[in-house]
Each structure stands twice: as C-alpha cells, then as structure tokens.
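Only one structure is covered here, and it is reproduced in the block below.
Both backbone and side-chain heavy atoms feed into the values below; hydrogens, waters and symmetry mates do not. Note that this is a predicted model, so its numbers are computed, not measured.
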Amino acid sequence: MAILKHFASKSSNYGASLDYVLFDHDEKSGKVLRDANGNRILRRSYWLDGVNCDPFLYAQECKTLNNQYNKNQKPEEIKSHHYILSFDPKDVKTCGLTGEKAQSLGLAFAKRNFPGHQMIVCTHADGSRRSGNIHVHIFLNSLRKIDVEASEWSERAIDSRAGYKHHVTKKYLQHLKQDVMNMCREKGLHQVDLLARAEQNISDREYYAVLRGQDRLDKETTEDQKDLATVDAGSIPQKTRFQTQKQYLRDAIDECAKDATTFDEFYYLLSDRYKVKVIETRGRFSYLHPDRNKNIRARALGAAYEKEALLEKILQNCQEREMQTRVPISFAGFDLETHPILEVLFIESDLRLVPDLQKSIKEKYSHVNERKILLSTLQEEARTVAFVQMNNISDLDELENRKRAAASLAADSETALLQTQKELKEINRRTHYTGQFLDYKDTFRKMTKVINKGKYRREHEKEIRSYEEARDILRRYTPKGKFPSLRSLQEKKTELTSKLAEQEKTCQENNKALDQLSIASQNIKIILGYSETTREHNSKKISEDRNVPRKPRSRNRGPEL
C-alpha cells in the first residue's frame with residue numbers, strides 16, 4: 001500500500017533538503033554520516049529530478065525567488081513543504097516496482113498536484129533501516145514561481161498565481177490521498193483506503209521512539225547476557241520488546257475489550273489489570289497511563305480505541321455471551337462438609353424470595369447426570385441465596401430499591417471525591433505560584449528603587465516576568481487583600497490530601513456495595529428464569545455514562561460475603 005506524509009518546515013536552509021536526498025543520514029540523530037576521512041557518504045542508490053529549477057541549484061533559486069517577492073523572510077513563516085510517497089514493499093516482488101518506475105510516478109504526481117512550484121523529486125530504494133520499501137521525497141518551495149491554471153481542488157483564486165504561497169488544507173490533503181489511491185490502482189499496486197481513519201494511529205515520533213528504544217533494549221539485553229554468561233540461563237532478563245506508553249494502552253484496551261460485555265466491566269478490567277483509567281468527556285474517551293499525569297486521547301491511539309468502536313465490540317461480546325448455553329448442573333452427591341456454601345440451598349427461611357430461589361435451583365439440577373456437574377456455577381448460585389438471607393431481602397422490589405439507593409450514594413461520594421480533587425489541584429497551583437512570587441519578590445522591589453528602571457528590567461527580564469506572571473495569577477484567587485502565606489497553603493494541602501484518602505476509601509466501599517447488589521439482582525433474575533439480556537437492554541446499559549471503574553457484574557458470579 002502506498003501512503004502519503006506531509007511535513008511543513010520553517011527552516012530557511014533549503015540546502016539541507018538536497019543534502020538529505022543525496023547523502024546518508026543517521027536515522028536516530030539525523031546527522032550526515034561521514035567516512036574515515038570526514039567526507040560525506042553518498043547514498044547507495046537514488047534518482048533525482050528538478051521541477052522549475054536545477055536540482056543542484058535548488059537552494060539558491062528558492063532564495064532568489066523569495067527575495068524577488070519579499071516572502072519567506074520572517075522566522076515564523078513556512079518556507080518549504082516535504083511530501084513523502086512511500087510504496088508497499090510487496091510491490092517490488094509482486095508488481096515489479098523499481099526505483100525508476102517510482103521516480104516516474106512521483107515526478108508525475110508532483111507536477112500534477114504542485115504546479116508552478118520549485119521542487120526536487122528524489123526516490124530512495126532502501127527505506128527505513130534498509131527495509132526495502134521504495135519511497136519518493138518531494139521538497140518544494142512554499143512560494144509559487146509560475147502562474148498556472150486554476151485546479152478543481154483549489155480553494156482560493158490566488159492558489160494558481162505566482163508570488164503566492166502553497167496553501168495546505170484538510171480538503172487538499174484528502175485530494176492528494178485520493179490521487180495516490182487512484183494512481184496505485186491504475187498501475188496495479190497494492191493500496192488501501194487512505195481516507196479512512198487508521199485503526200492504530202502510530203505517528204512518526206512514536207515510530208522512531210520505538211526504534212531507538214528497541215535498539216537500547218537489545219544492547220542492554222546483550223550486555224546482560226555477556227555478564228551472566230556463567231550464570232543459569234533462567235536469570236537472563238526476559239524483557240525483549242520495547243513498548244511506548246501509547247502501545248501499552250493499545251495492548252491493554254485490546255485485551256480488556258475482548259472480555260468486557262459492558263462499559264462498567266471494561267473500565268474495571270483496565271483499572272484492575274493494567275492500572276489504566278478511562279475518562280469520558282463530551283462523549284469522547286481518553287486514557288490515563290499509570291506513569292503519566294496527563295491523559296492520552298483515544299483519537300491519538302487510533303480509530304479502534306474510540307468510544308464508537310469499543311461500543312460495537314462490547315455489543316458483539318454481549319451477543320456472543322447470549323448465544324452460549326449454560327451447562328446443566330446437579331447438586332446430588334456433594335459433601336456439604338467439603339462445600340459448606342451449598343448448605344444454604346437447604347435452610348428454612350421466612351423470606352419469600354429464598355424458597356423461590358431454592359425451588360428453581362433444585363428443579364433445574366435434580367435430573368442432570370452427575371458427570372455433567374459444574375461445581376463452580378452451583379456455588380455461585382448458592383452464594384446468591386446466602387446473600388439474600390443475610391441481608392434480609394424479601395423480594396425483588398426491595399432489592400431494586402436498595403440498588404437504586406446504593407447507586408445514588410455511590411454517585412454522591414464520587415461527586416464529592418471529584419470536588420476534592422479539583423480543590424487539591426487548585427491548592428497545588430496556588431502553592432506553586434506563591435513560591436514563584438516569593439522567589440522573585442525582592443528582585444521586583446529593587447526595580448522600584450533604581451533610577452534606570454529600563455536597564456534594570458532588561459538585566460532581570462526573566463525574574464521580573466516570572467514575578468509578574470505569579471502575581472497576576474494569584475490575584476485571580478484573591479482580587480482584594482493579602483495573598484495567603486505559603487505555610488497556610490501547605491497546611492490546606494495536607495488537610496485536603498487526608499480528606500481525599502478518606503473519600504477514596506468511601507467511594508470504594510460504596511461501589512463495592514452497589515456491585516454486590518447488582519450482581520445479586522442479575523443472578524436472581526437468571527435463576528428465576530427472567531429474560532432481560534436482550535440487545536436493546538444491553539445497548540441501553542452500555543451507553544450509560546460512567547467514568548469510574550467498577551467491578552464487573554458477571555452473570556455466574558455471586559456477591560462477596
């Protein structure tokens with residue numbers, strides 16, 4: 001498959017583009033490689049052409065054009081654009097793609113889509129780390145040199161006139177990707193839909209971070225193996241794959257999404273197995289890595305990790321779970337001394353719900369062959385009966401009322417927890433800027449006493465700017481009156497930290513109580529033969545907005561006693 005990448009550069013060094021396509025560069029540092037004599041090393045193979053300029057005079061001609069129109073003179077201006085057209089490595093063997101053919105395709109693509117610009121088009125046949133994927137580099141001056149006819153994808157009248165700059169928009173990039181797909185299909189090359197969002201969004205920065213990290217890990221592993229050459233092989237480090245934080249999140253989400261049937265269960269599995277928190281804001285997901293303080297948005301991971309895709313996956317899990325039939329179980333022949341939890345199936349109770357549950361369980365399992373017994377499932381159902389008896393629940397209506405009350409209590413405790421977290425965040429911010437304010441307070445005061453304030457300010461510009469920044473921010477909290485002392489803020493922080501720990505404990509207890517009631521309700525309905533696990537029910541339950549991870553509510557799991 002061919003892919004297209006775009007980079008904009010504000011560097012005025014046009015010669016660096018030519019050096020990159022002609023000479024070998026270190027992939028990690030980006031520096032030019034040199035031989036033993038200090039001379040630059042030419043690339044093994046390349047094909048180079050120039051459009052509207054001599055390729056070897058590309059830098060000089062670009063600067064001459066910029067001076068002619070007095071453009072690209074400011075540091076903040078985008079001075080050049082870099083497009084990379086990379087072909088699938090399979091095209092070499094199965095489609096007969098060569099460097100010459102790729103250069104011809106790249107040159108035609110550049111002339112067709114960037115008319116009037118000064119460009120160098122160069123094809124390399126080695127690829128990243130000698131991977132063998134043929135790719136074409138297109139470097140163009142952002143300033144147009146020649147008037148051309150207006151194109152159908154142009155959004156402005158000046159996009160075809162000399163002296164105006166290359167205008168990159170989302171619509172224009174979509175046109176370029178569509179042109180790449182059309183070109184590859186016409187030439188019989190491998191191609192995928194570039195306009196559809198990638199399931200895994202791996203940026204260049206992450207890609208090169210993986211390469212550098214893997215090299216470092218391989219080197220460390222090799223050194224450890226040398227050091228432990230005389231030691232038992234079992235002591236050699238097992239970690240052989242470098243993983244970025246984003247890839248850690250992708251792997252964790254993939255694993256948990258396979259097992260979850262509700263969003264609540266998905267939240268809990270991520271938190272319990274991988275210590276990853278899920279935050280939903282305006283219907284969009286973001287994930288908090290255990291080693292980070294800032295969330296990573298789902299769209300940065302890829303389309304497969306956004307809410308809609310996960311919803312579809314969880315709904316599919318629900319349908320598969322509904323299609324699975326439960327294996328009949330017999331309670332005959334069990335030793336009650338070995339399995340005392342089963343005694344609850346024979347206790348006498350005044351509660352109306354308990355005899356109904358016992359009757360349903362006995363009728364369900366009494367006729368089943370003992371060889372088909374599944375002890376764990378029967379134990380879970382017995383635990384459910386015990387939970388009803390111990391909590392004095394007379395009927396389903398009472399259970400549902402208790403569950404609603406527990407849900408309300410859990411929501412209130414979560415709201416209080418979020419409020420305390422917000423207050424603690426504000427106190428930390430105020431503490432930081434109070435310290436900054438006090439550090440540079442004397443420097444600012446001295447400025448008010450010197451005669452030449454302008455000179456003093458220039459000499460202490462950084463300190464005075466930091467003082468004024470802290471002062472303005474602290475005034476937002478206390479518009480009138482004296483700023484609170486650093487000591488009082490630290491005492492407030494200690495108080496909030498202690499309060500936060502208590503609230504977290506309360507939240508966990510409330511969530512645990514709610515989960516027990518929910519699991520009991522679900523299991524009771526299954527035992528009594530209620531049918532509520534329809535697609536509509538699952539869809540409604542999955543779409544509930546829940547941002548706090550909770551324990552999964554499994555149909556075969558009884559409440560903890």
Flag the pair Y456 / K453 as yes when at least one side-chain heavy-atom distance between them is below 4.5 Å, and no otherwise.
no

Looking at R43 and D24, does any basic side-chain N land under 4.0 Å from a carboxylate oxygen?
yes

Assign the ring pair H124 / Y20 to parallel, tilted or perpendicular, where the plane angle (0 to 90°) is split at 30° and 60°.
tilted

For a side-chain hydrogen bond (donor to acceptor under 3.5 Å, both in side chains) with N72, tell me which candidate from K63, K165, K10 qualifies.
K165

Check step by step if side chain to side chain contact (heavy atoms under 4.5 Å, CB included) holds for F109 and V121.
CA-CA 10 Å; F109 176 83; V121 181; over 6 Å; no

Can you say whether the rings of F437 and Y467 are parallel (under 30°), tilted (30 to 60°) or perpendicular (over 60°)?
parallel

Flag the pair R273 and D259 as a salt bridge only when some basic side-chain nitrogen lies within less than 4.0 angstrom of an acidic carboxylate oxygen.
yes

Centre of Y440's six-membered ring, under 6.0 Å away, within 45 degrees of the axis: is that where NZ or CZ of K462 sits?
no

Would you call F56 and L48 a side-chain contact if the rule is heavy atoms closer than 4.5 Å?
yes

Scanning both residues in full, the closest heavy-atom pair of D91 with H190 reads OD1-ND1, 2.6 Å

Minimum side-chain heavy-atom gap Q247-R250 below 4.5 Å
yes

Is the distance between the ring centroids of Y83 and F114 under 6.0 Å?
yes

Check whether any side-chain heavy atom of N317 lies under 4.5 Å from a side-chain heavy atom of K313, and answer yes or no.
yes

Should the heavy atoms of other residues, nucleotides or ligands under 6.0 Å from CZ of R156 be counted, would the total exceed 12?
yes

Hey, what's the ring geometry for Y14 with Y58, parallel, tilted or perpendicular (30° and 60° as the breaks)?
perpendicular

Below 30° counts as parallel, above 60° as perpendicular, anything between as tilted: where do the rings of H137 and H135 land?
perpendicular

Validation row: E468, I464 side chains within 4.5 angstrom (heavy atoms):
yes

Given side chains that start at C-beta, do those of Y305 and K246 come closer than 4.5 Å, heavy atoms only?
no

In sequence, state the C-alpha distance, the side-chain angles, and the governing distance for Y248 and D291, and then conclude on side chain to side chain contact (heavy atoms under 4.5 Å, CB included).
CA-CA 11 Å; Y248 175 88; D291 297 333; over 6 Å; no

Evaluate the ring planes of F263 and F266, with Trp represented by its six-membered ring, and classify them as parallel (under 30°), tilted (30 to 60°) or perpendicular (over 60°).
tilted

Do the side chains of E280 and K307 get close enough for a salt bridge, i.e. N-O under 4.0 angstrom?
yes

Begin with the C-alpha distance, continue with both residues' side-chain angles, and end with the deciding distance and a verdict on side chain to side chain contact (heavy atoms under 4.5 Å, CB included) for L85 and M183.
CA-CA 12 Å; L85 181 59; M183 176 183 67; 3.7 Å; yes

Aromatic contact, Y477 with Y433 (centres under 6.0 Å):
no

In this structure, which one of Q60, K71, K145 forms a side-chain contact (heavy atoms from CB on, under 4.5 Å) with L65?
K145

Heavy-atom closest pair (N133 atom, P89 atom, distance to 0.1 Å) is CB-CG, 3.6 Å

